Amino acid sequence: AVQLTLDLVAARHVRRRHVGAAVPLSPADDRPAPPPAADLPLVYEAFVLAQRLPVDLDTLADGAHARAWLRAVADADALTRRCLWQAAYERRHQSEILDALGAHAPYAPSPHAAAFQAVFCIDEREESLRRHLEEVCPEVETLGYAGFFGVPMAYRGAADVRARPLCPVVVTPRHLVTEEPCGDARRAWRRRSRLGALHHGYDAGSRTLVRGAALSLGAGLGHLLPLVGRCLFPRAFHRAAERLARAPQLGPTRLALEYRGSTVDGHRHGFTVAEMADIVAAALRTTGLAGRLAPLVLLVGHGSASLNNPHEAAHDCGATGGGRGGPNARALAAMANDPRVRADLAARGLPVPEEVWFVGAYHNTCDDTVQYYDLDAVPAQAGAALRQARTAVAEALRRAAHERCRRFADAGPDLPPPRALAVAQAHTVDLGQPRPEYGHATNAVCVVGRRSRTRGLFLDRRAFLVSYDPDGDVDGAVLAGLLSAVGPVCAGINLEYYFSRVDPVTYGCGTKLPHNVTGLLGVMDGHASDLRTGLPWQMVEIHEPVRLLLVVEASPRRLAAAVAADAGLATLVRNRWVRLAAWDPGDGALSVHAGDGFTPHVRQRTRLPVAPTSAHVYAGRTGPLPPVRVRAGAPPPPPDTAGACRTAGGRHAAEVDHTAEVDRAAGGVR
Amino acid sequence: MTAALLAAAAAPLVAFVVLAVPAWAGRPWSERAVSAVTVGAFGLAAACGAAAAAAVLGTGQPVHTPLLTWYRWGAHGGRLGLLVDGLAAPFAVLVPLVLTAVAGFSRRYLHAEPGYRRYHLLLTLFGGGAGLVVLAGTLDVTVVGWELAGLAAALLIGFFHQRPRPLAHAVRAFVVYRLCDTGLLLAAAWAHHHPGADRYAAAAGRAVAGLPAPDRALPALLVGGALLWAAVGKSALFPLGGWLPRAMEGPTPSSALCYGAVSVSLGPYLLLRTTAGWPPPPALAAATVAVGVLTAVHATVVGRVQTDAKSRLAYASMTQTGLVVAEIGLGLTALAAWHLAAHGLLRVTQFLRAPSLLHDHQHRAQLRGAQAPARRWRLVPAAVRRRWYRHALERGHLDALTADWVRDPLARLLRFGDAADRWWERRWAAPRTRPGRTDRQEPAPSPIGGPRP
């Protein structure tokens with residue numbers, strides 16, 4: 001009772017100080033306050049909130065209004081508050097991205113003839129590689145296409161034991177593609193097989209009684225070297241081991257792409273020429289490449305390899321159903337280079353000029369290396385462009401690795417750029433490294449549209465970039481097809497990270513350290529537990545849990561129609577698992593999907609920070625970064641709009657002013 | 001020499017204190033500093049161990065470093081001291097070297113983990129204990145190191161203490177440790193009743209020191225049996241090995257260190273150190289061989305049906321440890337020492353790579369191509385295969401048997417003792433509270449308690 005009395009007195013005192021003695025909260029001031037107001041923390045909260053928000057204090061002087069206000073605040077329980085926090089967090093992120101897109105769009109470079117074109121997966125990790133490639137080589141054009149490159153196949157590599165599907169999980173492949181050695185690989189096979197038997201015999205035998213004793217006594221002390229090497233000098237040891245004991249290679253190979261009438265395990269072994277032409281035509285139409293092909297087109301699939309990582313496949317390409325997309329890129333390139341396919345395409349009105357050559361490649365996102373396929377088949381006239389492309393890609397990889405390393409604790413923000421690839425490679429081969437790469441962590445945005453509109457915008461490896469040319473899509477069919485494939489894939493990845501991050505124990509699989517691989521199919525914690533699903537904490541610790549912001553370069557009407565056409569995507573949008581925004585192809589107006597329709601996006605900031613190169617943006621910083629216009633990535637702005645762009649020249653990131661642009665008053669809750 | 005020996009034994013313990021004191025004071029070190037101290041201490045221990053080992057192997061004579069006598073009573077005394085001889089020399093290098101490697105591994109593996117400092121504290125404590133066992137010059141030092149290593153290993157099993165299972169398994173391991181430590185304590189008690197019997201000494205011309213052999217058969221059997229009992233718990237030998245696969249709850253490097261290499265090897269090392277020089281009493285030798293062979297056969301059968309990476313390595317480890325114990329029983333001490341060290345290195349390397357199981361499996365399958373591994377011979381006849389399979393799946397029913405025949409009767413006995421105690425207490429306490437006697441000055445009731453009437 002004493003406490004309550006004191007509380008009441010204190011509340012009255014506070015009220016008198018802030019509202020004035022003359023204004024009673026309720027007509028009968030001396031009676032106990034109405035039920036919600038009896039809660040002093042609530043009164044205080046309501047008061048602070050009234051101060052923060054544009055609430056007219058005179059209105060609150062009215063008792064009914066004051067009670068309503070208190071009740072509104074009291075109704076905001078813990079769940080509502082968390083919702084509000086999440087909404088505020090996402091709103092800030094959304095306005096940051098949309099403002100940047102809107103402010104950057106006027107600088108879209110006019111179409112120009114590219115020296116070569118490079119098609120990457122839509123994966124947000126490729127965003128940095130594409131940006132750096134454009135900075136290294138301004139005459140390149142990069143595009144984003146789902147990482148299975150439209151080739152829905154089951155694939156068996158030359159060394160693989162069995163085929164595995166390389167296409168989105170919702171697609172069941174009907175075609176098998178195999179990789180066949182060109183020459184006589186029997187000798188290599190025999191040696192590989194012997195080596196494999198040796199490995200297997202050693203590993204299995206060392207766990208048995210008699211063979212285990214013999215192996216321990218004979219070779220046990222020899223493990224001192226790998227033990228110390230792997231633990232203390234992982235990279236040096238791995239390189240030495242690679243040099244000494246490299247598995248015999250099978251030599252050059254080719255894909256067996258063409259259907260020859262055979263069927264294997266229910267899969268047709270290969271594609272017919274017409275099917276290949278369909279696939280290539282779809283790729284050209286969707287990416288908008290048709291009719292403006294450069295002499296060289298790189299198709300870059302991706303995957304990831306690391307050691308001591310049961311979640312290795314989680315770093316692979318989502319569009320290939322958690323496989324490695326290199327073979328898909330290689331297959332599409334081989335199809336597009338086939339003269340019969342080109343003849344078929346020409347008949348459909350999609351001519352591929354004679355001098356154009358496609359080259360497939362595979363990007364290992366863990367150690368940032370790129371491997372090119374079928375280089376021996378490249379004709380002489382494409383050689384110069386290929387050399388230029390490879391040099392540019394190699395430099396872009398170095399820079400992308402450096403950008404990525406800023407997130408690693410063992411590299412730090414002041415890593416010298418030449419060391420970045422070494423750090424990335426060390427992460428790949430280190431048994432003691434639970435964070436070989438951060439995978440899709442920090443993904444937040446998906447932009448479906450022309451690259452020219454986002455080219456030169458630093459998006460911090462957080463944006464899935466899907467190439468889509470609205471000009472070539474008269475009836476919206478391409479958009480509908482694209483969104484039905486891209487939307488669920490990106491939303492799935494995003495939500496997987498979201499939930500693993502917000503509840504790592506229930507939706508994620510906790511910390512990696514006690515994980516124990518069981519039954520060759522999953523992990524459990526320690527000696528015995530349920531199978532742990534979701535992502536480990538070490539993969540999501542830097543993730544900012546926001547729902548995917550899907551920005552589509554289309555008019556709101558066309559976007560709404562495209563979304564409604566796909567039941568899965570419509571559900572995702574309706575239940576607000578993704579945030580949707582339309583970006584008008586004409587005037588660049590942005591509108592945000594809000595429950596029942598699109599509302600125009602109100603720009604909060606008018607200016608966009610500018611930096612000379614990407615390295616200036618992230619240097620010395622380890623956290624997530626807002627979008628910045630990077631001048632090296634895009635041609636100079638047209639003179640009439642230069643005033644809107646604050647230029648920050650010089651060489652160091654300190655000159656990029658990130659904070660001055662954020663108008664705090666405008667950024668607050670309205 | 002003395003300095004090197006002392007440094008080799010003390011470096012991890014000093015590191016423990018260096019890490020622990022600031023943490024207690026609320027000013028813990030940074031990750032980098034913690035790791036530097038740990039790796040540095042183990043590296044120093046390895047270097048000093050190597051120096052001492054080189055000196056010993058040069059002369060071929062064991063080197064004793066008496067430190068102090070902690071009590072003296074007539075001819076009896078408790079002495080502490082360190083020793084390097086032909087047996088300790090290789091382990092004095094290898095154990096700190098493995099610890100250095102694992103500590104380096106853990107620096108990256110445990111980065112940003114909430115228990116980073118606790119883990120390194122326990123690692124230094126474990127390393128200090130294991131180092132003392134290796135370099136012990138008297139049985140007392142062995143006991144100290146043995147207990148420290150056991151405590152730290154149990155705490156490492158329970159490292160993830162927010163989940164119930166690691167704690168239960170840590171307690172299980174700890175109970176087995178304590179149960180079997182009685183063997184070591186009995187041996188120590190015996191040694192303290194015989195002047196000079198607590199100090200490891202080498203017979204003339206021998207490179208390996210051990211406890212002086214008891215001069216009569218019965219004490220030899222009892223003390224040897226007690227030491228074997230100590231080894232049974234520490235090294236997860238038959239029939240108490242059920243805790244070993246359950247101990248895989250900590251971070252991978254601690255599992256590798258304790259159950260691949262160092263902790264399970266302490267049991268055979270103790271036997272090699274204490275009883276290897278004895279004229280083998282036939283019963284003791286037979287018991288040792290039997291325990292070893294039973295362990296090896298049990299573990300290899302059970303290990304073949306394990307489905308997870310760490311359990312199958314745990315049983316593989318148990319198999320070879322059993323063999324080493326059998327070799328000791330047969331008197332093949334040099335072979336056993338070689339086997340012990342070599343197996344530890346092999347297994348710790350495999351354990352550290354255990355999370356790569358899927359990756360390596362795929363890689364090997366790619367190398368081998370499509371052909372399935374051929375079964376060359378099957379030792380188990382088809383008639384009993386199914387029965388053995390079930391036996392293996394049930395882990396030899398050992399856990400159930402231990403629970404039914406040992407744990408539960410023991411618990412019943414304790415409960416009976418408790419009930420009897422209460423009854424006894426009531427019996428004696430009751431007259432005192434009778435009114436007729438209250439006029440006398442009564443001492444206050446015992447603070448030890450029991451239910452008050």
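Just so you know, these numbers come straight off a predicted model, no measurement behind them. Naming convention: chains lettered A, B, ... in sequence-line order (proteins, then strands); numbering from 1 in each chain.
Within a 6.0 Å radius of OH in A:Y507, other residues, nucleotides and ligands contribute 12 heavy atoms or fewer. Remark: A:D184 CG is packed, more than 12 non-hydrogen atoms of other residues, nucleotides or ligands lying under 6.0 Å away.
The two atoms that bring B:H359 and A:S306 nearest to each other are ND1-O, 3.4 Å, heavy atoms only. Annotation for B:L346 and A:S216: closest pair CD2-OG, 3.6 Å, computed over non-hydrogen atoms. Listed here is the closest heavy atom pair of A:V161 and B:A365: CG2-O, 3.2 Å.
Look at B:R108 and A:D430 and you find a salt bridge, because one of the NZ, NE, NH1 or NH2 atoms lies within 4.0 Å of a carboxylate O, short of that distance.
Comparing B:R165, B:R312, B:H343 by heavy-atom pairs within less than 4.5 Å of chain A, the highest count is held by B:R312. When A:R191, A:R435, A:H199, A:R162 are compared by the number of non-hydrogen pairs under 4.5 Å with chain B, A:R435 comes out ahead. When each of B:A309, B:S317, B:G104 is scored by its heavy-atom pairs under 4.5 Å with chain A, the top score falls to B:A309. Highest contact tally toward chain B, considering only A:G519, A:G212, A:A305, is held by A:G212 [criterion: heavy-atom pairs under 4.5 Å]. Chosen from B:R32, B:Q350, B:R364, B:M248, the residue pairing most often with chain A at heavy-atom distances under 4.5 Å is B:R364. Ranked by non-hydrogen atom pairs under 4.5 Å with chain A, the options B:P245, B:A316, B:A342 are led by B:A342. Most heavy-atom pairs under 4.5 Å with chain B: of the set A:V228, A:L521, A:L307, this distinction falls to A:L307. Most heavy-atom pairs under 4.5 Å with chain B: of the set A:C231, A:S206, A:A409, this distinction falls to A:C231. Put simply, of B:R347, B:E31, B:Q362, the one with the most heavy-atom pairs under 4.5 Å next to chain A is B:R347. Note: A:D203 leads A:L198, A:D203, A:N309 in heavy-atom pairs under 4.5 Å with chain B.
Neither the backbone nor the side chain of A:P248 comes within contact range of chain B; no heavy atoms are under 4.5 Å apart. Within the 4.5 angstrom heavy-atom criterion, atoms from both the backbone and the side chain of B:R353 approach chain A. For B:Q306, no part lies near chain A; criterion is any non-hydrogen pair under 4.5 Å. For a residue to count as touching a neighbouring chain, one of its non-hydrogen atoms must lie under 4.5 Å from one of that chain's; by this rule B:T300 touches chain A with the side chain only. For chain A, the nearby part of B:L323 is the side chain; its heavy atoms alone come within less than 4.5 Å. Interface remark: B:H361 contributes side-chain atoms only to the contact with chain A (heavy atom separation under 4.5 Å). With a 4.5 angstrom heavy-atom cutoff, B:E113 touches chain A only via side-chain atoms. With a 4.5 Å cut-off on non-hydrogen atoms, B:R107 does not touch chain A at all.
Using a 4.5 Å cut-off on side-chain heavy atoms (C-beta onward), B:F105 and A:N308 make contact. At least one side-chain heavy atom of B:S311 sits under 4.5 Å from a side-chain heavy atom of A:H527. Taking the side chain as every heavy atom from C-beta outward, B:L335 and A:L217 approach each other to under 4.5 Å. A:D160 has its side chain within reach of B:Q366: a pair of non-hydrogen atoms, C-beta onward, lies under 4.5 Å apart. Residues B:Y109 and A:L431 are not in side-chain contact: their nearest non-hydrogen atoms beyond the backbone lie 4.5 Å or more apart. In this structure the side chain of A:T208 never reaches within 4.5 angstrom of the side chain of B:T319, judged on heavy atoms.
Atoms OG1 and CZ, from B:T349 and A:R230 in turn, are 10.5 Å apart once rounded to the nearest 0.5 Å.
Proximity of a side-chain donor or acceptor of B:Q320 to a complementary backbone N or O of A:L209 within less than 3.5 Å is detected. Not a single donor-acceptor pair under 3.5 Å links the side chain of B:R246 to the backbone N or O of A:A528. With A:N516 contributing its side chain and B:K310 its backbone, the two residues share a donor-acceptor pair below 3.5 Å.
For residues 155-164 of chain B, heavy-atom neighbours of chain A at less than 4.5 Å comprise B:F160, B:R163, sorted by residue number. Using non-hydrogen atoms only and a strict 4.5 Å limit, the part of residues 533-544 of chain A facing chain B consists of A:Q538.
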Show your working on side-chain contact (heavy atoms from CB on, under 4.5 Å) between A:M524 and B:D308 and close with a plain yes or no.
CA-CA 9 Å; A:M524 51 185 192; B:D308 63 284; 3.6 Å; yes

Does A:H515 form a side-chain contact (heavy atoms from CB on, under 4.5 Å) with B:T252? I'd like the steps, not just the answer.
CA-CA 8 Å; A:H515 279 177; B:T252 303; over 6 Å; no

